[in-house]
Amino acid sequence: MHIATKKEVQYDDYNNEIVIYNTPFYFGKVNYQPLTTKQMEAYIQTYGETENNVVSCLIDFKDRYKFNIFDVAYLYDATPDGEIKNGANANYKVRAFKPQNTKIMVILEEIIKEEN
């Protein structure tokens, strides 16, 4: 999994947000899985209905400061290779961190990109 951390938010002439990401880094191999039915119900209650795929993974507690909510991730063979703009090839957004005992559950939601 690669991660591109959120650097700043800029605004264009029409006051649209443009998110600027730092250079992506390789976080490591992570076992991410789609949410189960009960987990998806809890996700929908918290974040609202979504058609996008939602996955979760567990990371070590010591890695809790390596990335944050609203950073973007590259999953399912997506890579930052050949990107002109940082985060352009990312296909998931970090939505939540849920501390467990010695691990942290990270919830990621798929980013749906518009075709031009």
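Residues Q33 and N31 bring a donor and an acceptor atom of their side chains to less than 3.5 Å of each other.
With rounding to the nearest 0.5 angstrom, the CG atom of L58 is 6.5 Å from the CD atom of Q100. Atoms CD1 and CD, from I18 and E8 in turn, are 10.5 Å apart once rounded to the nearest 0.5 Å. Distance CD1/I20 to NZ/K7: 8.0 Å, rounded to 0.5 Å. Taking NZ from K103 and CZ from R64, the interatomic distance works out to 13.5 Å, rounded to the nearest 0.5 Å.
Of all non-hydrogen atoms in N89 and Y74, the two that sit nearest each other are C-CE2, 3.5 Å.
You'll find the side chain of I107 reaches within 4.5 Å of the side chain of M105, heavy atoms only. Counting heavy atoms from C-beta outward, N91 and L75 have side chains that approach closer than 4.5 Å. Using a 4.5 Å heavy-atom threshold, the side chains of I104 and K98 count as separate. Taking the side chain as every heavy atom from C-beta outward, Y26 and M1 never approach each other to under 4.5 Å. No side-chain heavy atom of Y92 sits under 4.5 Å from any side-chain heavy atom of V106. A 4.5 Å side-chain heavy-atom check between V94 and N68 finds every atom pair outside the cut-off.
Hydrophobic cluster membership for I111: V9, Y11, V19, Y21, V72 (Ile, Leu, Val, Met, Phe, Trp, Tyr linked by side-chain heavy atoms under 4.5 Å, directly or transitively).
In summary, the aromatic rings of F97 and F67 are positioned with their centroids under 6.0 Å apart.
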